[in-house]
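Here it is, the structure, as structure tokens.
Order of the sequence lines fixes the chain letters, A, B, ..., with proteins taken first and strands second; residue numbering starts at 1 for each chain. All values derive from a computational prediction rather than experimental measurement.
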Amino acid sequence: MSEASGAPAHRYTATVAGEIERRWQDYWEKNGTFRAPNPVGDLAADGAPTGDKVFVQDMFPYPSGAGLHVGHPLGYIGTDTFARFNRMLGRNVLHTLGFDAFGLPAEQYAVQTGTHPRVTTEANIANMKRQLRALGLGHDERRSFATTDPEYYRWTQWIFLRIYNSYYDAEQGKARPIAELAAEFADGTRETPDGTPWADLTRAEQSEVLDTYRLAYVTESPVNWCPGLGTVLSNEEVTAEGRSERGNFPVFRRNLKQWMMRITAYADRLVDDLDRLDWPEKVKAMQRNWIGRSHGAEVHFPVEQDVIEVFTTRPDTLFGATYMVLAPEHPLVDTLTTEAWPADVDSRWTGGASTPQEAIAAYRRQASMKSELDREENRDKTGVFTGSYATNPVNGARIPVFVADYVLMGYGTGAIMAVPGQDQRDWDFAEEYGLPIVRTVQPEKGFDGQAYTGDGPAINSANDSGLSLNGLGVDEAKKTTIAWLEEHGHGKGTVQYKLRDWLFSRQRYWGEPFPIVYDVEGIAHALPEDMLPVELPDVDEYAPTTYDPEDAETKPSPPLEKATDWVEVELDLGDGPRPYRREVNTMPNWAGSCWYQLRYVDPTNDDAMCDPENERYWMGPQPETHGADDPGGIDLYVGGVEHAVLHLLYARFWHKVLYDLGYVSSQEPYRKLFNQGYIQAYAYTDARGVYVPADEVTEENGTFFYNGEEVFQEYGKMGKSLKNVVTPDEMFDQFGADTFRFYEMSMGPFDDSRPWATKDVVGAQRFLQRLWRLVVNEDTGELRVSESDTVEPTEDDLRALHKAIAGVRADYVDLRFNTAGAKLIELNNYVTKTYGSAESTPRGLVEPLVLMLAPLCPHIAEELWRRLGHETSLTNGPFPEVAERYLVDDTVEYPIQVNGKVRSRITVPADADNDAVQAAALGEEKIAALLDGGEPRKVIVVPGRLVNVVV
RNA sequence: GCCCCCGUAGCCCAACCGGCAGAGGCAGUCGACUUAAAAUCGAUCAAGUGCGGGUUCGAGUCCCGUCGGGGGCACCA
């Protein structure tokens, strides 16, 4: 497109750019330009690494078969620019990219075609590597790997075993080896749960006890079973509508035996340590919300022989508890349901049934049939009375116990004390069922709502047993109540979390096998390290058995189950060869991405997942740079906000376990996180709603046409089915990689989403062409740059240059690539205007310009640098330094405002003090005329900025 | 329903602690080159910051309300 006939032979066209780019990519590869030395091990260089270290990382891509579109590399170009800038400052920069290659698409493709997922995965990786190479990314290629490499997942399995062989010591607040727990049981330091001496337990019983402590454990508990996918899912993979995030199939809660990770043990540290991270507040808020820590109290309400335990965040409102509610699935519902209604029962409470048992049974049936969606759409409060009354421990009041589906079994204890005066849900229910409402917090003046949830003095809250809250604020009243409950044995202060343990097994083929076998008695055994990796066997069928998506009564059947030769093994695990069965579930897709930064650090280490010295160098805490509280971690982690909870929470959890066990020195994996925006695109549909090719749509006065027919614009993702995909390969052909990189970075702030516009790319190309023309004669290809002694830059030139250097440096540091690019264009325009038609361009201007461009457009910068006579790559600098004296002007122009409107201007020496500036301003002709001899009411002088005269 | 982010020229975007609304790009217009066009080069036009209030000498920036767009959470006791 830019190859018009008749263009000068040495113009910077896409063809010339392509030739230069391939040449420099070869050069970088051949010279190992981006290899970052480690302190020790295979990747160590001679002598210790020099300069500060910088560890930059992109979120792990999944190598999709569709290849990349122009939206995908946005983050990679940003991190590359940042990494290159830091290299030019003399720093030791670790930047590479691996592949998160286990996962459903390759498996599904395998199911359809019979191709082994490894074949598809490797082909996709090869294609993606080709595209990434063409972008000119400065990656240390020695450090790249895929999670599917057995040498990698060997260590994923190894970490699993470390987690499996650990428990959480709540007193020390950290994970410890399970062997230490066993030792404590054995020597009596710690009593076994039921008090039986350790030695009196059989080995099976001992192992059962230990299993209840392990950080990775098997349990039969309610899990998310998705028949449509044939697998179970983690809570994080289930949408609010109760469907699978992938495929949108119904998900059912079923009791199944599955592997879990005890992430809840780390809930407090995962919340608290967010404060130590340099992350977007939005992501921190999402994690806090997901963990959902709330402080409150557990309170016991006696009912006949039983006790209902509730969790409340408002123990201060106990005197306002006028009824109780159990979730329909609550285990006490059966025992508390009475034979007959009390004589005076309110007809609204019975659900029209003649006995409580009938009413409850009908209500439970109804509730179980309601989908999550129904619940969401219909928030009217419903419920039925159990016939039983509980006793409020603070005032002895007899309060009715209901069953209602607005209380969920999955949170707290599945039972609540209802305080309509201070909780809107309870208020709604109380109104519906004619229950009493007692305010225990005095609402603010003028409050005319229903439930009052704000702060205020307690009222109606005192008893004869020494508890009086009246007049206390909410916080004080909570503390007082908890102390009273604890003293009288009615409850205690406690903390609740929304976070649940992490369901860690999947019924899939293309995932990491568990390093676990079961003996004939069904007892799990961890495989010893020297049996790792446990490699995936070849199978005939890659798919788990899937079922009718609506059939909740089906059971998972993993594909590995059918590989009987692999499943049934004879091993010697210490007591001679015995038969075992392998675990047939595989790990979830998140496992491999939980720790990959550690492997980037030491990718070829056969003796450890990574050498502690290398980990400390690249990831260890740096209190001297980042403050005493620095948890360590990589210096910049860039990726989309969609991983805010899942990946980032899991990875933090694993990292903390490894820290507790002493394998890493950093307490967090990612010190600084940055969410890049997305590149969006317009798509167009015709009258039938069918997508038409976006690049053939024309616009006239705000109306869009395709083949003469009107079409309608949509804005959103780029995708094959939307017919609006633009690929990097097209951009390389039309413009070259440097132009493409520059355009992507200049479109807007790195964290903003923006629409792709191919027609705008030419602006970036023109800029590079103008710069090229300053250095190279387009007709002859000869250098047109002065030797330093012939044409010296002028004072004005140097002011423009150093202003740009200062601005560009600051922009690169803060990831403001768009404004850095604009400043380079500005400087280039200045130099073009001044020297574009002169005999030659001063070297003193061109060289810094080329160097400053290098992080964004490395190929053209290397090429020009070489043509300027430099023998070595500019990868490691120099980066231009600012000379402060060119940043300050001798004189300053002040606008003079009168009542906030600019009326005139004066120019004064830069070192003039405020009085002098004021005098000059008031003496200025127009201003003096406006004042007309009168005194201004006030004069504001903002040094270096402006003067405002108030009259 | 609750919480968070964003609304600046026809379009994408700048504007640091409140201090002259414009750095850069696209498009448009005019000119140069050309037989002509494309490409290229040069010049130029362009909004008073979604809307309504408030604070201030001064508001794109701070506060309140409102509209529009995007995102998160959603009976969590």
If the plane angle is over 60° it's perpendicular, under 30° parallel, otherwise tilted; pick one for A:F402 and A:Y323. perpendicular
Winner on side-chain proximity to A:E826, out of B:G24, B:C76, B:C75, is B:G24
For B:U40, take OP1 and OP2 only and decide whether either is under 4.0 Å from a side-chain N or O of A:R766. yes
Which one of A:Y678, A:F674, A:Y812 satisfies the ring-ring contact (aromatic ring centres under 6.0 Å, His included) criterion with A:F750? A:F674
Using purine N1 to pyrimidine N3 plus N6-O4 or O6-N4 for Watson-Crick, or N1-O2 and O6-N3 for G-U wobble, both under 3.5 Å, which nucleotide pairs with B:A38? none
Could you tell me how far apart A:M417 (CE) and B:A77 (P) are, to the nearest whole angstrom? 12 Å
Does A:K282 reach a base, just sugar-phosphate, or nothing at all? Heavy atoms under 4.0 Å. sugar-phosphate
Using OP1 and OP2 only, check whether a side-chain N or O of A:N289 sits under 4.0 Å from B:A74. no
Decide yes or no, distance alone: a donor-acceptor N/O pair under 3.5 angstrom between the base of B:C20 and the side-chain of A:R905. yes
Examine B:G25: is either OP1 or OP2 under 4.0 Å from a nitrogen or oxygen in the side chain of A:R770? Give yes or no. yes
Taking the same atom, C1', in B:C64 and in B:G72, what whole-Å distance lies between them? 25 Å
Contact class for A:N829 vs. all strands (heavy atom < 4.0 Å): base, sugar-phosphate, or nothing? sugar-phosphate
In whole angstrom, give the distance that lies between atom CD of A:Q287 and atom C1' of B:C73. 15 Å
Taking the nucleotide of RNA chain B with the nearest heavy atom to each, does A:R945 or A:I416 sit closer to the 5' end? A:R945
Which residue pairs satisfy the salt bridge (Lys or Arg N to Asp or Glu O under 4.0 Å) criterion with at least one member in residues 307-317 of chain A, sequence neighbours excluded? A:R314-A:D316
How far does the P atom of B:G18 sit from the matching atom of B:U56, given to the nearest Å? 16 Å
Please classify B:C17 as syn or anti, treating any glycosidic angle within 90° of 0 as syn. syn
What is the ring orientation for A:Y684 with A:Y682, classed by angle as parallel under 30°, tilted 30 to 60°, or perpendicular over 60°? tilted
When you compare the side chain of A:T264 with that of A:Y497, does any pair of heavy atoms fall below 4.5 Å? no
Quote, to the nearest angstrom, the C1' distance that separates B:G10 from B:C17. 34 Å
Residues forming a salt bridge (Lys or Arg N to Asp or Glu O under 4.0 Å) with A:D814, sequence neighbours excluded: A:R816
Atom NZ of residue position A:K284 - does it have more than 12 heavy atoms of other residues, nucleotides or ligands inside 6.0 Å? yes
Dump the intermediate steps for side-chain hydrogen bond (donor to acceptor under 3.5 Å, both in side chains) on A:T440 and A:Q422, then the final yes or no. CA-CA 8 Å; A:T440 59; A:Q422 276 81 227; 2.8 Å; yes
Scanning all shown strands, the Watson-Crick or wobble mate of B:G7 with both distances under 3.5 Å is B:C67
Mate of B:U29 across any strand shown (Watson-Crick or G-U wobble, both atom pairs under 3.5 Å) is B:A43
Looking at the angle O4'-C1'-N9-C4 for a purine or O4'-C1'-N1-C2 for a pyrimidine, is B:G48 syn or anti, with syn meaning within 90° of 0? syn
Could you list, one pair per line, each protein nitrogen or oxygen that sits under 3.5 Å from a nitrogen or oxygen of nucleotides 8-15 of chain B, together with the distance?
from: B:C12; atom 1: O2'; to: A:M747; atom 2: O; distance (Å): 3.0
from: B:A14; atom 1: OP1; to: A:N818; atom 2: ND2; distance (Å): 3.4

Give the rounded distance in Å between these two atoms: CG of A:N675 and P of B:C4. 18 Å
Round to a whole Å and report the spacing from OH of A:Y830 to C1' of B:G24. 18 Å
Could you tell me how far B:A59 sits from B:C4 if I compare only their C1' atoms? Round to whole Å. 23 Å
Which nucleotide, if any, forms a Watson-Crick or G-U wobble pair with B:A59, using both distances under 3.5 Å? none
Within 6.0 Å of CZ in A:R288, more than 12 heavy atoms from elsewhere: yes
Tell me which donor-acceptor pairs under 3.5 Å the side chains of residues 771-779 of chain A have, and how far apart each pair is, sequence neighbours excluded?
from: A:W772; atom 1: NE1; to: A:H10; atom 2: O; distance (Å): 2.8
from: A:R773; atom 1: NH1; to: A:E778; atom 2: OE2; distance (Å): 2.7
from: A:N777; atom 1: OD1; to: A:D779; atom 2: N; distance (Å): 2.7
from: A:N777; atom 1: OD1; to: A:T780; atom 2: N; distance (Å): 3.1
from: A:E778; atom 1: OE1; to: A:R11; atom 2: NH2; distance (Å): 3.1
from: A:E778; atom 1: OE2; to: A:R11; atom 2: NE; distance (Å): 2.8

Distance in angstrom units between A:F767 CZ and B:G25 C1', rounded: 11 Å
Of the listed nucleotides (B:C20, B:G25, B:U40), which one gets closest to any side-chain atom of A:E893? B:C20
How close or far is atom P of B:G1 from atom CH2 of A:W427, stated in whole angstroms? 21 Å
For A:F817 and B:G25, what is the distance between atoms CZ and C1' respectively, to the nearest whole Å? 18 Å
Describe the nucleic acid contact of A:V419 in one word from base, sugar-phosphate, nothing, applying a heavy-atom distance below 4.0 Å. nothing
Over how many whole Å does the gap from A:E778 atom CD to B:U40 atom P extend? 11 Å
Who passes salt bridge (Lys or Arg N to Asp or Glu O under 4.0 Å) against A:R905, sequence neighbours left out? A:E893
Return whichever of A:A822 or A:L946 has its heavy-atom-nearest nucleotide of RNA chain B closer to the 5' end. A:L946
Could you go over nucleotides 56-60 of chain B and give all protein N or O partners under 3.5 Å, atom names and distances?
from: B:C57; atom 1: O2'; to: A:N948; atom 2: ND2; distance (Å): 3.4
from: B:C57; atom 1: O2; to: A:N948; atom 2: ND2; distance (Å): 2.4

Is B:C17 paired to anything, Watson-Crick or G-U wobble with both distances less than 3.5 Å, and if yes, which nucleotide? none
So which nucleotide from B:A77, B:U40, B:G19 ends up closest to the side chain of A:R773? B:U40
If you measure from the P atom in B:C30 to the same atom in B:G68, how many Å do you get, rounded? 40 Å
Using a cut-off of 4.0 Å on non-hydrogen atoms, how would the nucleic acid contact of A:K833 be classed: base, sugar-phosphate, or nothing? sugar-phosphate
Stepwise side-chain hydrogen bond (donor to acceptor under 3.5 Å, both in side chains) test for A:D428 and A:Y406: CA-CA 11 Å; A:D428 293 342; A:Y406 82 93; over 6 Å; no
